[in-house]
2 protein chains.
Amino acid sequence: MRADKARNREIVLAAAGRLFDAANDPDEVSMDAVAAAAGVGKGTLFRGFGDRLGLVRALYEQRSAQEFAARPVGDDGDPAERALELLTRTWRFKERHRVLGLAFERAGHGSPYTNAGYDWWHAELAGLIAAARADAPAGFLAHALLAAVRSDLVEHLRGRPDTDVHAGLQDLVRSVFRDGKQR
Amino acid sequence: MRADKARNREIVLAAAGRLFDAANDPDEVSMDAVAAAAGVGKGTLFRGFGDRLGLVRALYEQRSAQEFAARPVGDDGDPAERALELLTRTWRFKERHRVLGLAFERAGHGSPYTNAGYDWWHAELAGLIAAARADAPAGFLAHALLAAVRSDLVEHLRGRPDTDVHAGLQDLVRSVFRDGKQR
DNA sequence: CACTGTAGCGGACTGACGGTCCGTTTTGTT
DNA sequence: AACAAAACGGACCGTCAGTCCGCTACAGTG
């Protein structure tokens, strides 16, 4: 990797980050704007990241790597509490990176499910559910839990502070980790 | 309302419906394509529906009105079962109208939450939850249940038939309607 | 039926955007 | 210093949502 390429990659990511942080909607951040803000040609963006999705992904992954490197998620304790911690932190992360989160989930033709990271999250949660309740439809329930922390719901509930998200997530996770079949 | 306007409205809705049914992704259906398929000028589309979102909404609402007029949802029985029926029918409706559903939820700047109908559904489900569990964080839980039947999840699980959606929805709803606090 | 004001029509046009292309510049190796 | 390859920049392209305005045809009036 040539030095100028690596340097430009960082410059571009930083500039894109600033623009997404300042925006209220992902559509406000065009590739031309990123190139201009980075002081770089448009070709450089597309050569370095492939397409818009690639840029958004790179930035999102950079930030979530920072996040989870800073405070790793503990591995002990019971599955329900671990799942709750994962989801709560995801929620907070998306609150802190609103517009980037929206861009990320809207990216791969408008579906969060085609993003590479999704499968990891799904497997992780499904595993936790299966550990707590062998008979549960863990696959579907994991999708449902992840759907509850999607960026646009985070965004929707911002400015509606009457909804107690923390209590809600807690109740949801504990309900799901207890049994849905009997009684 | 002049006769030709009303006539054109129906022609356009029918043509758009055909195109969405045939497509695999909402982006494949452009406004030009709808106009051409309807044998109508582009101006007619925008005068009649305002913008793309307006057209998608009109079509989605027409179809869901048909759906729920044909088989109304019963009002009796316990809240959990009613909620389950509502969600299951929504899931099936979105399976049957995949691409239109995707277009609809992606429309109002890419968020389902700005669509008029969402508030109705949310209030309905929150009411059912509150009826079953007075202490529940009903607002958040209702959002979570609705998130579990979003079009792109429906789409994602199509072609992954290993996930038993019906059992999953049932388990999810029953879990949520039982208590998440005690035990 | 003829007349006429106007609601509605069509499609060329605009502006913005994601993505491509290719002549020019920078890098690092010998 | 010389050179090949990698990376750069920004003009350019195709597409799409949405606008504009000259034309058409509907419906109310005498």
Side-chain angles (χ1 to χ4, degrees), chain A residues 1-16 19-20 22-60 99-100 102-111 114, chain B residues 1-16 19-20 22-60 99-100 102-111 114:
Chain A
M1 169 106 91
R2 254 168 63 165
D4 50 351
K5 185 171 184 181
R7 191 183 350 119
N8 276 333
R9 189 180 171 86
E10 290 315 308
I11 293 175
V12 166
L13 284 175
L19 292 184
F20 277 113
N24 275 309
D25 185 291
D27 295 354
E28 289 169 24
V29 182
S30 70
M31 294 300 268
D32 290 275
V34 173
V40 125
K42 221 177 155 182
T44 302
L45 261 62
F46 285 93
R47 204 166 327 95
F49 298 95
D51 56 9
R52 187 186 158 91
L53 167 60
L55 172 59
V56 169
R57 264 192 196 151
L59 186 53
Y60 189 90
V99 181
L100 179 58
L102 289 168
F104 180 65
E105 291 182 11
R106 225 175 274 179
H109 272 107
S111 159
T114 57
Chain B
M1 169 103 92
R2 253 169 62 170
D4 50 352
K5 186 171 184 179
R7 190 182 353 115
N8 276 333
R9 189 179 170 86
E10 290 315 307
I11 292 175
V12 166
L13 284 175
L19 292 184
F20 277 112
N24 274 310
D25 185 291
D27 296 354
E28 289 169 24
V29 182
S30 69
M31 294 299 269
D32 291 273
V34 173
V40 126
K42 218 176 158 182
T44 303
L45 260 63
F46 286 93
R47 204 169 325 95
F49 297 95
D51 56 9
R52 187 185 158 91
L53 167 59
L55 172 59
V56 170
R57 264 192 196 149
L59 186 53
Y60 189 90
V99 181
L100 179 58
L102 288 168
F104 181 66
E105 291 182 10
R106 223 175 274 180
H109 271 104
S111 161
T114 57

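Protein chains get the first letters and strands the later ones, always in sequence-line order, with residue 1 at the start of each.
- Contact check for B:F49 versus B:L13: side-chain heavy atoms found under the 4.5 Å cut-off.
- Along DNA chain C, the nucleotide closest to A:G43 and the one closest to A:S30 are compared, and the more 5′ of them pairs with A:S30.
- To the nearest 0.5 Å, atoms CG (A:D25) and CZ (A:R106) are separated by 5.5 Å.
- The phosphate of D:dA7 (OP1 or OP2) has no side-chain N or O of A:N8 nearer than 4.0 angstrom.
- In this structure, the side chain of A:E28 engages the main chain of A:N24 through a donor-acceptor pair within 3.5 Å.
- When all heavy atoms of A:V34 and A:A15 are compared, the pair lying nearest together is O-CB, 4.3 Å.
- Summarising the geometry, atom CZ belonging to A:R7 is positioned 9.5 Å from atom CZ belonging to A:R2; distances are rounded to the nearest 0.5 Å.
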Give each protein N/O atom lying under 3.5 Å from an N/O atom of nucleotides 21-28 of chain D, with the pair distance.
| from | atom 1 | to | atom 2 | distance (Å) |
| --- | --- | --- | --- | --- |
| D:dA27 | OP1 | B:A3 | N | 3.1 |

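- The closest side-chain heavy-atom distance from A:K5 to A:N8 is not below 4.5 Å.
- B:L55 has its CG atom 11 Å from the P atom of D:dG18, to the nearest Å.
- Note on A:T44: every side-chain N or O is 4.0 Å or more away from OP1 and OP2 of D:dA7.
- In this structure, CG of A:D32 is placed 14 Å from P of D:dG9, rounded to the nearest angstrom.
- Rounded to whole angstrom, the span from the CG atom of B:L45 across to the C1' atom of D:dG18 amounts to 11 Å.
- Contacts of B:K42 with the nucleic acid, taken as non-hydrogen atoms under 4.0 Å apart, include base atoms.
- Rounded to an integer number of Å, the gap from CZ of A:F46 to C1' of D:dA11 is 14 Å.
- Rounded to an integer number of Å, the gap from A:M31 CE to D:dG10 C1' is 15 Å.
- With values rounded to the nearest 0.5 angstrom, A:L45 atom CG is found 6.0 Å from A:L55 atom CG.
- Nearer the 5' end of DNA chain C, as judged by each residue's closest nucleotide, is the contact made by B:G41, out of A:G50 and B:G41.
- Contact footprint of chain B on DNA chain C: nucleotides with an atom under 4.0 Å from a non-hydrogen protein atom, first to last in 5' to 3' order, C:dA7 to C:dG11.
- With a 4.5 Å cut-off on side-chain heavy atoms, B:F20 and B:L102 do not count as touching.
- Looking only at side-chain heavy atoms (C-beta outward), A:E105 and A:P26 stay at 4.5 Å or farther from each other.
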